[in-house]
Amino acid sequence: MNDFGFDPLDPVVWQNPWPYFARGRDEFPAYRHQDTLARSVSVFRHEDVSAILKDWETFSSSSPADMNEGGLGELASLMAEDPPEHTRLRDHVRGAFSLAAVKGYAAAIERLADEILDELLERGTFDAAADYAGQLTARTILTVLGLPASDWRRIREWTVRGAANVTRSHFVREAEPEADRSVEAIFTEMAAYLDGFVHQADALPDGSLLRSLVQAAPGADRLSPRELRALAALTLLAGNETTTTLLAGAVLTLEQRPNQARALRAEPELAASAVEETLRFRPPVPALPRRATRNLTLHGVEIAKDDNIVVWLASANRDQRVFSEADQFDIRRGLSPQAISFGRGVHTCLGMPLARLEGRIGLERLYRRTRAIELLEPSPPLVLAPGVYAFERLPVRVTP
Amino acid sequence: MSAADEPGRGLRVIVDPGVCLGGGQCELICPDVFEVSYVSRVRVEHVDPLHADAVRTAADACPSGAIRILDGDMAKGGGEPRT
Ligand code: HEM
Ligand code: SF4
């Protein structure tokens, strides 16, 4: 019964994890990893993934105090809190990232996409992940926060390295002190960078998110400078590689299926629908970690208090119990209400409307302004990180 | 009397503003009924049967469980929420 051997850190598995997910759903709906340092259980069925994410009391997002290494440490903010503290933090940013607030960014994102494309189309050959998607998302989130968009390379570098570490610790077989130290170094650099802005909020652009958070009406429940810094860091970290991966993943998935790419080029208004299908088919965040707060049994697997549970969104989104023709990529499918690409429950992605907007505009502008996109590597190498299904690179040649 | 007001046919929908996350799944699925500003707001509490399926889909898709549907006869007197 232990011959399943699903190891997300095996590059061969990671390049094509889908058959593993299918087998996991059918035969190993809860699977205890055998040789991992941490006690980790993977969960594959839609029904279980959804139920676990909604039950924050049994499946906590906080780590026990002695298990914080490799995590976001001081920068973890609301992603690593449970209610009621989580609710308090989230209430501060709920409005600023709500669907209505985010609609106001559409024109600016469109201008930015066009400005980036002006240069890239001139070049003809570029990295669709870093040069296009990565630049667009990094500059967008910096602008939203009110930080200098010209810092985008630095932010991207931090978030790419940070993302490579997400959820990795659940599957490693031996300690990686060097990797842990390098991630710690990123967070220290980021904290120092953000501190400067938090302490000089007057210099930030009017109406920018960071400025309005810092200057929240006195008397209201204010965030401390440490909390502000952590929230800003979290939005930078959570909003960059994920959205980059969405846009780059859409390009790859489309161009691997010429008739789907043709359909989008013929009708660029399908971009929103294509983004939804990419989110379902190839979710940028394939897995989320939780911690059991009590002993329990799941599909016959005994889970002890403090065991790690990793729920596989990428598997849930292909569950044939829920989606018809789940393994078919069809840009006309549109929003799948059952897809779990942005999580479920109290921690559901704060940046969901912004990510959708950036994805839609980024894809639409690219397809409106090109006549053809050629993948220079048919299966581009992936970053070995279970937390973000990201690309090392996605080289393309485009015909304007 | 519109169809929505007829006992047994109408559907009443409410959003709990304390639970709503503001991400707008509901508006994307059924913009005729839901509109998100700071949090989601229900434009029309008594939903036209035309939108009943979309409202149920939105309630299922709501990641926070903020949408409650009060069904059929119960729509009149409040009744137990059905989500
Ligand atoms: C396609 C792009 C994105 C995807 C797939 C994605 C996915 C997710 C997922 C699955 C979660 C749930 C984490 C959990 O349950 O532990 C999450 C949380 C979060 N996301 Fe995103 N995200 C994306 C873009 C963004 C953007 C653009 C932002 C910018 C604000 C952002 C900010 C956050 C924050 C702050 C959280 C933590 C929310 C909480 O714990 O309450 N995300 N994201
Ligand atoms: S889907 Fe639910 S949480 Fe999201 S805006 Fe609508 S009511 Fe609020």
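To find a chain, count down the sequence lines: A is the first, B the second, and so on, and within it residues start at 1.
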Checklist line | Residues which pass ring-ring contact (aromatic ring centres under 6.0 Å, His included) with A/Phe59, listed by chain and number, not counting sequence neighbours | finding: none
Notebook entry, point to check: Which of the residues A/Cys349, A/Pro337, A/Ala101 is involved in the greatest number of heavy-atom pairs with chain B at under 4.5 angstrom?
Noted result: A/Pro337
Check: Which pairs count as salt bridge (charged side-chain N to carboxylate O under 4.0 Å, His left out) when at least one residue sits in residues 230-239 of chain A, sequence neighbours excluded?
Finding: none
Next item on the list: Mind listing the closest non-hydrogen atom pair of B/Gly23 and A/Leu99 along with its distance?
Entry: O-CB, 4.1 Å
Next item on the list: Of all the heavy-atom pairs spanning B/Leu21 and A/Val346, show the shortest one and how long it is.
Entry: CD2-O, 4.1 Å
Checklist line | Which residues share a side-chain contact (heavy atoms from CB on, under 4.5 Å) with A/Ala314, sequence neighbours left out | finding: A/Trp18, A/Phe21, A/Pro283, A/Pro286
Atom pairs, donor to acceptor, chain B/chain A, distance under 3.5 Å:
| residue | atom | partner | partner atom | Å |
| --- | --- | --- | --- | --- |
| B/Pro17 | O | A/Arg94 | NH1 | 3.0 |
| B/Cys20 | O | A/Arg94 | NH1 | 2.8 |
| B/Gly22 | O | A/Leu99 | N | 3.0 |
| B/Gln25 | OE1 | A/Arg356 | NH1 | 2.9 |
| B/Gln25 | OE1 | A/Arg356 | NH2 | 2.7 |
| B/Glu27 | OE2 | A/Lys103 | NZ | 2.6 |
| B/Ser37 | O | A/Ser98 | OG | 2.6 |
| B/Tyr38 | OH | A/Asp91 | O | 3.2 |
| B/Pro63 | O | A/Gly345 | N | 2.7 |

